[in-house]
Structures are given as C-alpha cells and as structure tokens.
Amino acid sequence: MKAAAEVSKLPIIDITTVKRKEKRKQTLAILSFMFLALFVYTLFILYPILSTFIYSFHEWNGIEAEKAFVGFANYSELFSDPTFWQSLKNNFYLVGVSVFVQIPLGLMMALVLNSKIKGQRLLSVIFFLPYLMSTVAVGLLWVFMFDPTNGPINMALNAIGVESINWLAESPSALIAILIVMAWQFAPFYMILFKAALVGIPEELYEAAGMDGANDIQKFFYVTLPSLIPMLISSSVLAVVGSLKTFDLFYVMSGSGAGTSTSILGTFMYEETFVNFRMGYGSTIAAMMFVIALISVVIIQVIDSIQKRKRGIS
Amino acid sequence: MRPLELTKTSLLYVLAAIIALFAGYPFVYMISTSFKSMNEFFTNPFSVLPGSFTLEQYTSVFDMGLNSYFLNSIIITVLSVTLVVLIAALASYPLSRLKFRLNKSIFTLFIIGMMVPIHATLIPIFVMTNDLGFYDKLLALLGPYVAFALPISVFIFTQFMSEIPAELEEAAKVDGAGHWIIFSKVIFPNIKPAISTVVIYNFVHIWNEFIFALILIQSPEKMTLPIGLQKFYGEFSVNIPGLMSALVLASVPVIITFVLAQEKIEKGLLGGSVKG
C-alpha cells in the first residue's frame with residue numbers, strides 16, 4: 001500500500017494508472033454494449049454449431065436422454081448412403097440453376113429496368129414480387145400451377161398439343177418443376193444486386209466505347225460484363241450458400257410420389273431428424289452442410305483476393 | 001438508323017413483356033382464383049375475371065383459423081424485429097465507433113453468421129427449447145429469429161454508424177457525456193434510415209420464416225402463417241379458391257410493405273450480399 005502510494009506520487013506513473021482505469025472503464029462499456037448481442041448469438045448460433053458436431057458422433061433418438069458414442073460410424077454411414085449422394089447432387093443442380101438461370105435472368109431483368117423503357121416503376125414491382133412472397137405460399141401456389149388436371153401449365157401445354165405431365169409425381173419432372181419455381185422466386189434477388197452494380201458503372205466508359213465505334217452488343221461485352229465480374233463472383237457464393245439454406249420450397253413441393261429424386265440436403269436432414277428421429281445421424285448431415293458452406297466461403301474468399309490483386313496490378 | 005432503333009426498342013418491350021408475364025401471371029392466377037366459388041373454378045379455372053365475384057373464400061379461411069395464425073405472426077414478428085433493432089444497434093456502437101483489440105474479429109464473427117446454414121443449428125436449438133420448457137410456445141421462436149437476424153442488422157448498423165461525422169459527438173464529449181449518453185442522444189437518433197432498412201428487411205424474412213416454426217411449434221393455435229398455410233393445404237386440397245385466398249392474405253402485408261418501401265428492402269439485400 002505504502003509503496004503504491006509513494007509510487008503514485010510520481011506524475012508519469014500517475015498518468016498510466018489513470019489511463020489503465022480509463023481503459024478498464026472503456027472495456028466495461030464495450031462489453032455492456034455488446035453483451036446482449038453476443039449472448040444471443042452464442043446461445044443460438046455458435047453453441048448449437050458446436051453441439052451439432054458433438055451430436056454427430058452419437059447415436060440418439062432425441063426422446064431418451066441417453067446418447068451412445070459411436071465415433072465416426074454416422075459419417076461412414078452417411079458416405080455410403082445413396083440418399084446423401086442424391087441430395088448432394090440435387091444441391092449441385094440448385095447451384096447450377098442459380099448460376100446459369102437465375103443470375104442471367106436477374107441480369108436481364110436489371111438491364112431491362114436500367115434501359116430507357118417506360119413504366120419502370122411498375123415493372124420493377126412486378127419483377128420483384130415473387131421474392132417477397134413466403135416460400136411456403138410460393139410452393140403451394142405452384143403446386144396448383146403444375147396441377148395435372150386443373151393447372152394452367154398443363155392447360156397451356158395442351159393448347160399447343162402437348163400432353164399433360166404429372167409434374168410433381170414423376171422423377172425428372174418433379175425436380176425440374178421445383179427448379180423452375182426457384183428461378184421464378186430468386187431471380188429478382190439477383191436483379192436487385194445487378195441493378196445496384198449497373199448504376200455503379202461510370203458513364204464515361206460507355207462514351208469512350210461509343211467513340212471507338214462500339215455497338216450496343218460490344219458495349220455489353222466489353223464494358224458492362226467486365227464491370228459486373230465482382231458482383232457475378234459474389235452472386236455465385238451466395239448461390240452455394242443459398243442452396244444449403246434451401247428447404248421450404250422442396251419441403252412443400254415434394255412428397256407427391258417423386259421419392260428421393262427431389263431430396264436435397266436440407267430436406268434429407270429434416271427427414272432423418274424429425275421424421276425418423278435419428279438425431280445423431282441428422283446432426284452428421286447438418287455438420288456436413290456446415291463444412292460445405294465453410295469450404296465454399298473460403299474458396300470464394302481466395303478467388304476474390306486473387307481478383308483484387310490482379311486488378312491492383314493492372 | 002431509325003428503323004434499327006425501332007427494332008431495338010420493340011425487342012426491349014417484348015423482352016420486358018415476357019419477363020413480366022412469367023413473374024406476374026402466377027399472381028394474377030392466385031388473385032383471380034381467390035375470388036371464385038368452387039363451381040366457378042371448376043367450370044372456368046383460367047378466366048382472369050371471375051364471372052361472379054365472391055368473397056366467401058375469404059370469410060371461410062378466417063373461420064378456419066387464419067386470424068389466429070395472423071395474430072401469432074404479428075406478435076412474433078413485432079417482438080423479434082424490435083429486439084433485433086435494439087440489440088444490434090447497441091452492439092454496433094462499439095464496433096463502429098470505438099477502438100479496441102478484438103473489434104475486427106468480433107465484427108467478422110457476426111458477419112460469418114450470414115453464411116451459416118440454419119440446419120447446422122436446428123437439433124441443438126430443438127433440444128434446448130425442449131429442456132427449457134419452451135417447446136410449442138410462440139416465444140420459442142424469439143431466440144432463433146433474433147439470433148439469425150443479428151448478422152445482417154449488425155452489418156447495416158455498423159456501416160451506417162461509422163459514417164456519422166465525429167464532430168457530432170465531440171460536443172457531447174466536451175460536456176462530459178459517457179458512452180450511454182452519446183449512444184442514446186447522438187448516435188441512435190442519427191441512424192433512422194438504417195433502422196428502417198433493418199426493420200423492413202427483417203420483417204419480411206421473419207414474417208415468412210418456416211423451418212424453426214415447423215420444428216418448434218405443434219398446436220394449431222400457436223402456429224404462424226407459413227405453417228398455418230401448410231396445414232391449410234392438407235385440409236383444403238380440393239378447395240383451391242379457398243387456399244388461394246389464404247395465400248393472398250398471407251402475402252398482402254409484405255407486398256404492401258414493399259410497394260411503400262422498395263428502396264429499404266433493396267438496401268437490405270445489398271447489405272446481405274456483401275461478404276465479411
């Protein structure tokens with residue numbers, strides 16, 4: 001005590017103790033501001049992810065308290081489960097449809113809205129509506145759009161002389177139908193991203209291209225498209241992550257007899273966990289989904305930083 | 001030159017019309033079917049304007065419990081969105097305006113949340129909800145909804161707060177105001193545009209949320225709209241106009257919100273697309 005009192009007489013030490021005190025106060029303030037958010041985030045996101053990995057090494061029905069440790073048994077079962085591979089394949093199709101259908105469609109919508117067309121405001125509302133509806137509502141609406149007897153789609157097919165298809169009950173058509181609906185619902189999402197990116201392209205680039213004698217198509221390929229590359233890349237990550245989050249639409253639109261042909265990781269995990277009550281196995285599927293999301297985010301980050309470095313050089 | 005321009009313009013309009021038809025027709029079908037009686041629907045499933053316009057479907061879905069789904073959805077959405085705004089704004093204050101060692105790491109930790117597949121949290125949240133005795137209670141949804149809305153909200157708030165000029169808080173600092181005063185008197189009143197973006201964006205997502213409600217709620221009187229609709233589907237199966245009217249009603253709130261606040265939703269989406 002005495003020593004401390006003596007030392008504190010020295011002005012230079014005095015400043016550091018004041019500073020330390022100040023700093024402790026600051027830390028306390030920071031913590032109190034972030035406490036609630038960190039608490040909720042830890043309790044409902046970080047801790048559950050960790051638990052999912054722990055559960056994935058157990059056999060457990062979720063009803064009894066007892067969990068039996070089984071090591072990697074769930075994982076080896078998963079890798080030899082044909083439904084897993086089927087689901088994974090379908091998730092890849094989802095990504096494919098996002099990248100090759102939704103993104104181009106979204107870009108097309110954005111280009112239309114960005115042109116000198118009349119009625120932009122109305123068009124942008126119409127284009128965007130599908131994204132706002134709840135996915136369950138979207139799924140139910142389209143179940144009837146695809147209805148084999150009264151659905152508009154089959155009626156339209158009949159009108160041009162094609163026979164009705166029982167879309168959701170047969171093997172390739174069920175998946176195709178759901179993927180069409182996905183494109184319908186999510187293309188507007190990409191539209192918004194591209195709309196913002198298009199606004200960011202400097203007008204001078206088009207003027208310069210015009211002076212070099214470029215026509216509209218050349219302008220698109222030499223000015224618009226290269227300027228959109230960063231957005232195209234981040235959209236593709238979103239497509240991978242989005243495919244792992246997909247559940248509602250497949251849950252609502254599957255189940256009229258197309259079997260596992262419309263199974264995706266999300267619905268597969270749900271079935272095993274909440275229908276078959278295999279909590280351990282379900283956790284293994286969920287853990288794999290997390291790993292895939294993580295890997296794809298890392299890959300994209302790497303590509304992104306390479307891109308940035310390239311741009312930095314040129 | 002002029003005929004070429006003309007062809008281009010007309011091509012543009014044709015393209016716009018095709019996309020508008022693809023995007024809009026299902027809505028036309030849904031709305032017009034919802035005003036038809038069953039008889040009318042089966043004789044005339046595709047007429048855009050119903051021969052006889054009836055509201056009977058709308059009254060019957062209300063009789064079947066749609067109002068309680070509505071009420072539940074309103075309660076949980078309002079509660080979750082209010083909490084998210086408060087918690088996220090508080091957390092964003094130190095992240096955006098104070099210097100400390102873990103600042104960047106904590107921010108990144110929040111942002112990574114956007115990439116987490118919900119399924120990776122489902123089983124532990126289900127188990128936890130059961131253990132705490134919240135299973136089949138509307139409030140069980142609050143935690144997950146707030147947690148999954150945090151990343152995007154923290155992101156938007158942090159961006160916005162870091163753009164508030166430092167001079168604004170200097171005056172308060174000179175008067176000896178602490179962080180709480182600065183936050184509540186200077187920062188919070190200045191982030192109104194960000195608040196409305198966060199509110200609207202999360203409103204749309206929480207209103208439509210399905211999987212947590214599916215696994216945590218069981219009794220019909222606790223159900224939110226999305227699972228209520230799913231349940232209707234099982235019960236209505238033949239009464240397509242009835243189901244369509246339920247779909248219309250469930251979609252109206254978000255559609256109105258969008259028409260009134262299109263920009264805010266777009267901003268939220270853009271925020272969500274930027275990776276951490």
Pair Phe44(A) and Phe148(B), ring centroids less than 6.0 Å apart: no
Side-chain heavy-atom pair Phe144(A), Tyr233(B) within 4.5 angstrom cut-off: yes
Among Asp147(A), Leu141(A), Val241(A), Leu294(A), residue most engaged with chain B (heavy-atom pairs, under 4.5 Å): Leu141(A)
Aromatic ring proximity Phe27(B)/Trp142(A), centre distance under 6.0 Å: no
Donor-acceptor pair, side chain of Tyr13(B) and main chain of Ile117(A), under 3.5 angstrom: no
Winner by heavy-atom pair count (cut-off under 4.5 Å) against chain A, out of Thr33(B), Val254(B), Leu12(B), Val204(B): Leu12(B)
Ring centres under 6.0 angstrom apart (Phe258(B), Tyr131(A)): no
Heavy-atom check, side chain of Tyr270(A) versus side chain of Leu214(B), under 4.5 Å: yes
N/O donor-acceptor pair under 3.5 Å between Tyr251(A) side chain and Phe210(B) backbone: no
Contact leader toward chain B among Val125(A), Thr42(A), Val136(A), Thr246(A), where contacts are heavy-atom pairs under 4.5 Å: Val136(A)
Largest heavy-atom contact set with chain A, pairs under 4.5 Å, which of Phe126(B), Tyr25(B), Phe110(B): Phe110(B)
Among the listed options Ile118(B), Val146(B), Val116(B), the residue most often paired with chain A at heavy-atom distances under 4.5 Å: Val116(B)
Proximal component of Leu109(B), with respect to chain A [non-hydrogen, under 4.5 Å]: both
Residue selection (most heavy-atom pairs with chain A, distance under 4.5 Å) from Leu150(B), Thr9(B), Val259(B): Leu150(B)
For Phe183(B), all residues meeting ring pair (Phe, Tyr, Trp, His ring centres under 6.0 Å), sequence neighbours excluded: Phe33(A), Tyr93(B), Phe188(B)
Validation row: Ser134(A), Trp207(B) side chains within 4.5 angstrom (heavy atoms): no
Region of Ala20(B) that comes under 4.5 Å of a non-hydrogen atom in chain A: both
Top contributor to chain A contacts, counting heavy-atom pairs under 4.5 Å, from Ala89(B), Ala88(B), Pro94(B): Pro94(B)
Close side-chain approach of Lys99(B) to Gln26(A), heavy-atom, < 4.5 Å: no
Polar side-chain atom of Asn208(B) near backbone of Leu132(A) as donor-acceptor pair, under 3.5 Å: yes
Between Ile255(B), Ile215(B), Leu98(B), the one whose heavy-atom pairs under 4.5 Å with chain A are most numerous: Ile215(B)
Whether Thr121(B) side chain and Ile49(A) backbone form a donor-acceptor pair below 3.5 Å: no
Main-chain N/O of Gly266(A) paired with His119(B) side-chain donor or acceptor, under 3.5 Å: yes
Gap between atom OG of Ser51(A) and atom CD1 of Ile125(B) - 0.5 Å precision: 10.0 Å
Chain A contact via Ile106(B) - side chain, backbone, both or neither, heavy atoms under 4.5 Å: side chain
Region of Met244(B) in contact with chain A, defined by heavy-atom distances below 4.5 Å: side chain
CE on Met109(A) to CG on Leu15(B), rounded to 0.5 Å: 10.0 Å
